[in-house]
Novice: 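Have a look at this one.
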Amino acid sequence: MNTITVALAALVVVEHIYIMILETVATRSKTTARVFSMSLDVLSQKHVATLLKNQGVYNGALAVLLAVALWQADVVWTRLLLAAVVLVAAYGSLTSNRWIVLKQGGLAIAALIASFMP
């Protein structure tokens with residue numbers, strides 16, 4: 001795997017750890033409200049907080065799996081996990097905010113493209 005792919009994919013890992021922290025630890029924070037464009041009142045609702053925490057676990061698991069794929073220098077699993085990030089970001093852009101594909105998927109798209117370069 002080339003250095004650019006590793007660097008970009010490592011940033012995707014960091015990004016998803018950050019998202020996990022926002023969703024699981026800082027669920028009702030001003031930062032979480034700003035990042036996800038939600039009011040503090042909405043974030044204070046128990047069912048919303050529960051959903052975010054659950055989603056945070058998935059983001060954390062994705063970060064761990066991608067980190068392991070990078071550590072093992074496994075290009076196939078790295079590409080699969082990056083593709084999963086891109087697909088989820090594309091879905092988010094269709095259902096939530098059209099810019100999510102770039103905000104959440106931009107690094108993954110760049111890393112995926114770089115993974116096909118020599």
Side-chain angles (χ1 to χ4, degrees):
M1 223 175 328
N2 65 52
T3 306
I4 294 171
T5 301
V6 172
L8 290 171
L11 288 173
V12 174
V13 170
V14 171
E15 176 183 37
H16 279 79
I17 289 170
Y18 176 67
I19 294 169
M20 179 202 69
I21 290 168
L22 289 177
E23 293 172 339
T24 58
V25 178
T27 308
R28 295 178 173 119
S29 73
K30 289 180 182 177
T31 302
T32 301
R34 180 183 48 79
V35 169
F36 295 117
S37 300
M38 300 173 81
S39 71
L40 287 172
D41 290 337
V42 170
L43 291 176
S44 295
Q45 295 175 16
K46 186 177 180 349
H47 67 281
V48 172
T50 300
L51 290 171
L52 277 177
K53 288 176 188 295
N54 187 41
Q55 187 172 317
V57 171
Y58 282 98
N59 278 299
L62 180 62
V64 168
L65 291 171
L66 185 53
V68 169
L70 287 171
W71 181 60
Q72 293 293 316
D74 189 323
V75 72
V76 172
W77 277 103
T78 299
R79 285 177 179 159
L80 285 170
L81 292 163
L82 290 170
V85 171
V86 173
L87 289 173
V88 170
Y91 180 78
S93 73
L94 293 173
T95 61
S96 177
N97 179 325
R98 65 183 175 160
W99 297 110
I100 286 177
V101 72
L102 295 177
K103 289 180 182 177
Q104 186 177 338
L107 282 172
I109 292 167
L112 195 55
I113 292 168
S115 76
F116 289 97
M117 295 170 25

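Just so it is clear, the model here is predicted, and its values are computed rather than measured.
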Novice: Would you check if I19 and F36 make a side-chain contact, meaning some heavy-atom pair closer than 4.5 Å?
Specialist: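 Side chain of I19 against side chain of F36, heavy atoms only: contact under 4.5 Å found.
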Novice: Atom NZ of K46 and atom CG of L51: how far apart are they, to the nearest 0.5 Å?
Specialist: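 Separation between the atoms: 10.5 Å.
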Novice: Is L11 linked to Y18 within one hydrophobic cluster, defined over Ile, Leu, Val, Met, Phe, Trp and Tyr using a side-chain heavy-atom separation of less than 4.5 Å?
Specialist: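 L11 and Y18: separate clusters.
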Novice: Using every non-hydrogen atom in the two residues, find where L8 and A114 come nearest and quote the distance to one decimal.
Specialist: CD1-CB, 4.3 Å
Novice: What heavy-atom pair brings D74 and M1 nearest, and what distance separates the two atoms?
Specialist: N-CE, 3.8 Å
Novice: Using 0.5 Å steps for rounding, measure from the CD atom of Q55 to the CG atom of L22.
Specialist: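 One finds 11.0 Å between CD of Q55 and CG of L22.
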Novice: In Å and rounded to the nearest 0.5 Å, what is the OH to CD distance from Y58 to E23?
Specialist: 12.5 Å
Novice: With a 4.5 Å cut-off on side-chain heavy-atom distances among I, L, V, M, F, W and Y, is there a chain of contacts connecting I4 to L112?
Specialist: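 Result: yes, single cluster for both.
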Novice: Which distance, rounded to the nearest 0.5 Å, do you find between the CD1 of I109 and the CD of Q104?
Specialist: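 Result: 10.5 Å between the selected atoms.
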Novice: Could you state the interatomic distance from CG (L62) to CD1 (I17), rounded to the nearest 0.5 Å?
Specialist: 10.5 Å
Novice: Indicate the atoms forming the closest heavy-atom contact of I100 with A89, along with that distance.
Specialist: CG2-O, 3.7 Å
Novice: Honestly curious: do L80 and L66 fall in one hydrophobic cluster under the side-chain, below-4.5 Å linking rule?
Specialist: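 Yes, because L80 and L66 connect within a single hydrophobic cluster, where side-chain heavy atoms sit under 4.5 Å apart.
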Novice: Would V48 end up clustered with M20 when hydrophobic side chains under 4.5 Å apart are linked, directly or stepwise?
Specialist: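 Unlinked, V48 and M20 end up in two clusters.
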Novice: Using only atom types and a distance under 3.5 Å, with no angle test, would you say the side chain of T27 pairs donor to acceptor with the backbone of A49?
Specialist: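 Not confirmed, T27 side chain does not pair with A49 backbone.
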Novice: In Å, rounded to the nearest 0.5 Å, how long is the span from NZ of K103 to OG of S93?
Specialist: 12.0 Å
Novice: Any chain of hydrophobic side-chain contacts (each under 4.5 Å) joining V12 to W77?
Specialist: yes
Novice: Taking all heavy atoms of A33 and all of S39, pick out the closest pair and write down the distance.
Specialist: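 For A33 and S39, the tightest heavy-atom pair comes out as CB-C, 4.4 Å.
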Novice: Quick one: closest heavy-atom pair of V86 and G105, and the distance?
Specialist: CG2-O, 4.3 Å
Novice: Under the criterion side-chain contact (heavy atoms from CB on, under 4.5 Å), I'd like the reasoning laid out for V88 against Y91: C-alpha separation, chi angles, the key distance, then a yes or no.
Specialist: CA-CA 5 Å; V88 170; Y91 180 78; 5.6 Å; no
Novice: Return yes if some donor-acceptor pair links the side-chain N/O of S115 with the main-chain N/O of T5 below 3.5 Å, else return no.
Specialist: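 No; zero donor-acceptor contacts below 3.5 Å.
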Novice: Give me the atom names and distance for the closest heavy-atom approach of L81 to A69.
Specialist: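 Residues L81 and A69, closest heavy atoms: CD1-CB, 4.2 Å.
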Novice: Is T32 reaching over with its side chain to a backbone N or O of R28, donor-acceptor style, under 3.5 angstrom?
Specialist: no
